[in-house]
Each structure stands twice: as C-alpha cells, then as structure tokens.
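Data first, discussion second: the structure below is written as structure tokens.
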Number of protein chains: 2
Amino acid sequence: MIDKLEFLLALAREKHFGRAADACGVTQPTLSAGVKQMEETFGVLLVNRGSRFQSFTAEGERVLDWARRIVGDTRAMRQEVHALKHGLAGRLRLAAIPTALAMVETLTTPFRARHPEVQFTILSRTSIEILTQLDNLEIDAGLTYLDNEPLGRVTAIPLYTERYRLLVATDAPLGDRTSVTWAEVAKVPLCLLTPDMQNRRIIEQLLRDTGADPHITLESDSMILLYSHVRTGRWASVMPARLASTLGLMDSKMLRAIPIVEPEATHTIGLVAPAREPMTPLTAALVMEARRVAPLLSD
Amino acid sequence: MIDKLEFLLALAREKHFGRAADACGVTQPTLSAGVKQMEETFGVLLVNRGSRFQSFTAEGERVLDWARRIVGDTRAMRQEVHALKHGLAGRLRLAAIPTALAMVETLTTPFRARHPEVQFTILSRTSIEILTQLDNLEIDAGLTYLDNEPLGRVTAIPLYTERYRLLVATDAPLGDRTSVTWAEVAKVPLCLLTPDMQNRRIIEQLLRDTGADPHITLESDSMILLYSHVRTGRWASVMPARLASTLGLMDSKMLRAIPIVEPEATHTIGLVAPAREPMTPLTAALVMEARRVAPLLSD
DNA sequence: CCGGTTTAATAGGTTTTTTCTATCATACGA
DNA sequence: TCGTATGATAGAAAAAACCTATTAAACCGG
C-alpha cells in the first residue's frame, strides 16, 4: 500500500508513467498496475489519462495529499527508530536559493560537529522549487526568503536579513564610492541571476522603483559565474552583504561591495521545513540548530 | 507495510499473539512473522517476549505511536475518497458511559437524518476504556466526562451538564420530598454503577464529602438493572437528571427523580474525538453535528 | 517435581501477489 | 503518412504471504 502511494507521489512530480517508474526503481507496467490497483480498491479513477498522463482527478488530488502525509510519516518513523538505536544518522536533503548558498555552511558546520554520522545533499534551487520539493518530500528543508512570497504549510525559522551591495571592480564606474543609490545602480551594466530567481525579481523591482530602465546585460543561475564576470570590470552585480563578505570580497583589492541606499532594502532569509508534527529526527535536529545559530547571525 | 502496522496495533490491545492474529483475521504464525519482519527491517526488537508476550520495547512503543497515526490516516484517506464518490457512508463506532447512553439519541437521530447511509455501532464503556479505545482506533468517538479526569490528545465538544437526582420509589423513604441533601441520600440503601465507572466515583465522593458512610448495597454496570431494582422500592439510586427525564420517569407515578442539593453538583459531558488533523469525514460530520446540537441541550 | 496446558516460534508446502519482458494500441508531430 | 513517444495488456517467472502441522519453552496445579 505504501509503495503504491510512493508511485503516486512519483507520478505527481514526473507527470510521466515511465519516468515515475524509473524514479521508483520499478518498470512502467509495474507502476501502471500499482496505480490501477489503487483505483480499483478505492473504486475511483485517480488519474485522467488520454494516450499519455494528463492530470489527477479531484479524488486523485485528495489521495495525493494523504499520500504525502502517510509516506512522510512512514519515513519519519523509520528514521526515528533508527536514530533510537544508532543515534542520529542518514542523509539530510537541503535546497537553498543561490544567494543563500554561501551561508549554508554556518548551519551545516555546527550541525555536523554535533551529529557526525549525518550526511548532506545540498542543491541550488529557486524559492518556488524549494517549496514544491518540500511538499513532495524531495527535500527535508530549504533556505529561502520568508517575507516575500507566500510560503504554504511550513515551519519557518528566520536566520538573517539580506542587505544589498553593489559588487563592482575597484577601477570601474562607481568603484570608488562608499555608498550608492539604486538610481545610480540602474545606470551601470549589470549581471544578475535569471528571472526565475526571487532575488532577481526583488532587485529588478527595486531598480524599477527608481523610475529607471536597468541594463541587465547578462544573467545566469550561478553566483560564481556572476562573480567572475564582475572581476573583468565590465559588469557590476548586486548581491547580499553576507554573501559578499563570505566570499572574502571585502579583503580583495580588485573588487568592492558597496552598500546600496535609498531605500536600504532588507529581506529575511530563513530555514523552512515541512509543518509536520512530529518532524523527522533529522529535520527536528536541523531546526534546533537553526534556532541556535540564528542569534549569532543577526546584525 | 500498513498491514504489519495493524498487526502491531492488534498486539498492543490484545497483548497476545494468538488473539491479535484472530482480530486481524490471520493465523498466529502469520502475525508472528509480520512482527518479526518489521523488527528485521528496522533492525530493532519491537516486542519483549519470553515464552509469551511481555511488553513492547522502547522502540516498539515509538513504532506503535506512528502506527496509530499512519493506520488512522490510511483509514481516513479511504473514507474520504469513498465519501467524495458516494457521499458520506460507512459505520461510525461510538462508545458512551452508561449514564450518557440515553442521550446518544439526540446526536444520532439528527445525524442520520442528514446522512442516511451511515450506520452506527454504540457500546457502553467506562470513561477510561473510551479514551483507550479512542487511542487504539477501536472507536471513532466517545461520550464521556470532560471535566473530571485527564483526557489526553482529543477534541472535546461539551454537550450538556449532568445534575444529580435521587431516583426513588414514591412510597419509599424520601419518596415524598421535593429536594434532598447529599447527607440524606447517604443514609438510604443505594444501588449504583460499579466502581470502575467515573459516575460512581463522582457520586461516592459527593456522599463521602458529607462525612457519612454511604450504604451501597448493590452495584452493576447496567443502568437498566439499577432502574429495575429501584422500582421494587427497596433501593434508591442516583442518576443524572437528563437520564431520568429521558427514561420518562418523571411521568411515572411509582418513581420520582428528586433534585439533590447541598451541593448542587454538576459535571460536563461531551463528545470526544481523536485530535487528528484532518479527521475522518465521518468523525468530522459527527463533531459538526455535536456542535449543532449542543446549544439545544444546555439548561 | 511432574504431567497438562498455554503460548509463540519453526518447518514445509501452497496459494497469491508482484514484477518483469515483450508486445500492442493510440495519439502526436514532422 | 510514417516515425516516435506513451501507456495498456499478456504471459511467464519470481517473490511474498499465508496456512497447517509441529515443536519448544514456560507456566500451573496437584
């Protein structure tokens, strides 16, 4: 039964019988049969199919909701029993927005010191992807904006506030300033994250609020790529202060991270975990670590 | 997997492999194998066995907790999907303390008018049994005291307050009074519920508070039996006012239900359902009915 | 201390269920 | 219209679940 519910979850995220079957480590006929069997026991169609996967029926969506809960609880149970016997162990699957990637370390380092048997998988994802994957049990927790877009059913622990800096080569325009305004930033060629990133949307909004038409001449989903382009002196970028200092840019002679004012915008970044009671032991431990670390990060 | 969890739940309430197997509709070796298999997949012993069932291990108790939740959610899922397709149907399993049995009708009658496909099973149980069976998913809801002993993790909907009456034959001692005190009640031969019933403990406490040593010369777990003994005129009993009126005693010339004062004690009786979110559709509907009915029952 | 009883584990065999491979039917796109 | 992608179906093989019968161990009353 629980295996069948996992089939349904896989189908929900892959929207494709074959790929869902792969994800579950079974063949496509096995998954098809599993779904069909659930439909027979419930006496209700769960999936609208034409010649391919189309969508879930209303009943299917409800079952999906329950499946998320039941599968999640089952995993939590396994993990908890294992932790009782062998201590906290296993793999924590995290996802973070690109601008938060550099600070994940402030969470993972003390966590690992406390629980050496725990392994991590950390992915760079958009804020929307983080929330979806959280819902679908694909990750255990995420690091994303808490105050900008609706979060859904999650537990949120604020970690720090993002303040924005103009990242620019020392010898480039504006490179010698101690502070700049958003209006000034809008006039220089910028490289930013791609528009599917919330950070990009935030910054673009701030730029447009000045009435200007910003020149975003390069975009990427990688902060490293942006960073390397700024080093050429031909682009500037905007990034959170904490990210800039973590990267050690403050020490560099070539690059500067200049506070951007008017307005001095801030956004809260924090840990989000599924709002389940009780949480899996690993997630609970991570949340506890986040609460411990948060005061050390506040400005 | 879920079947195995059901095995564990059955074992928890039967404390006996053979009886648990019977309850699950399988043979004893099947249940034994199921439990052993769980122990192997978890890598942990769940049950302490000597030559017979002894107890659950710490890990076993945790798994049991999860099992209650997961099995409950699975049933709720089935029920919900069925309700989506065919409307609210199925069997609602209730338990009520004996003194509340006569008023269950005020809940079931309007409920059945609204949902004709729903069937009921209603058992007479002690307040403690009700809470245990609620935990073990053996019943969907119960009717019991809300204000006297600790309830645990339940949703409680107050329905009415119990006030006490001396049930006595018209020609017996005290039979002609318009009100009596607890001290007077303590002096006549009484028949009451057995001491495992909370109602008995409440009344005995009230009697002892007067300093007297009450004569409880007959006890039973059946209100009907008590009632038939009072009719002989050789015993009196104490019962809630609402029960007395529901039984139509007020109309009878032979029996009277006389208010007991000093003090005029009251206890709240209500519906209790597992504090699960979301509830099964049947339980949710019953809770809604209880909320609807409650104002009509208040004095 | 000794047979009888209760209780759960084990062995062996049967049935049921699950899963796989291979193939087919259908729709979609170029 | 033909090639491709997708999911259903059929049939066989493998795995599992389950049952009956039996055994081993503890408990109990005399």
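To find a chain, count down the sequence lines: A is the first, B the second, and so on, and within it residues start at 1. Everything numeric here is computed off the predicted structure, so don't read it as measured data.
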Practice task
Ignoring backbone atoms, test whether H16(B) places a side-chain nitrogen or oxygen under 4.0 Å from the OP1 or OP2 oxygen of dA8(C).
Solution key: yes

Exercise for the section: Quick one: label Q54(A) by what it contacts on the DNA or RNA (base, sugar-phosphate, nothing), any heavy atom closer than 4.0 Å. Expected result: nothing

Problem - Pairwise 5' ranking along DNA chain C for D3(A) and F17(B), keeping only the more 5' one - result: F17(B)

Exercise for the section: Sort out for me which residue in I130(B), N199(B), L143(B) forms a side-chain contact (heavy atoms from CB on, under 4.5 Å) with I97(B). Expected result: I130(B)

Problem - Student check: side-chain heavy atoms of P98(A) and M197(A) closer than 4.5 Å - result: yes

Practice task
Kindly say if K36(B) contacts the phosphate of dT10(C), meaning a side-chain N or O under 4.0 Å from OP1 or OP2.
Solution key: yes

Exercise for the section: Give the nucleotide from the list dT19(C), dA8(C), dA8(D) with an atom nearest to the side chain of T30(A). Expected result: dT19(C)

Exercise for the section: Output the single nucleotide from dT20(D), dT7(C), dT21(C) whose closest atom is nearest the side chain of R52(B). Expected result: dT7(C)

Completion exercise
Closest of dA9(C), dA10(D), dA17(D) to the R49(B) side chain is dA9(C)

Completion exercise
Taking dA9(C), dT20(D), dT7(C) as options, the one with an atom nearest any side-chain atom of T27(B) is dT20(D)

Exercise for the section: Report the nucleotide, chosen from dT18(C), dA17(D), dA22(C), that has the shortest atom-to-atom distance to any side-chain atom of K4(B). Expected result: dA17(D)

Handout entry: Nucleotide nearest S32(B) (side chain, heavy atoms from C-beta), chosen from dA9(C), dA8(D), dC20(C)
Key = dA9(C)

Practice task
Output the single nucleotide from dC20(C), dT7(C), dG7(D) whose closest atom is nearest the side chain of Q28(A).
Solution key: dG7(D)

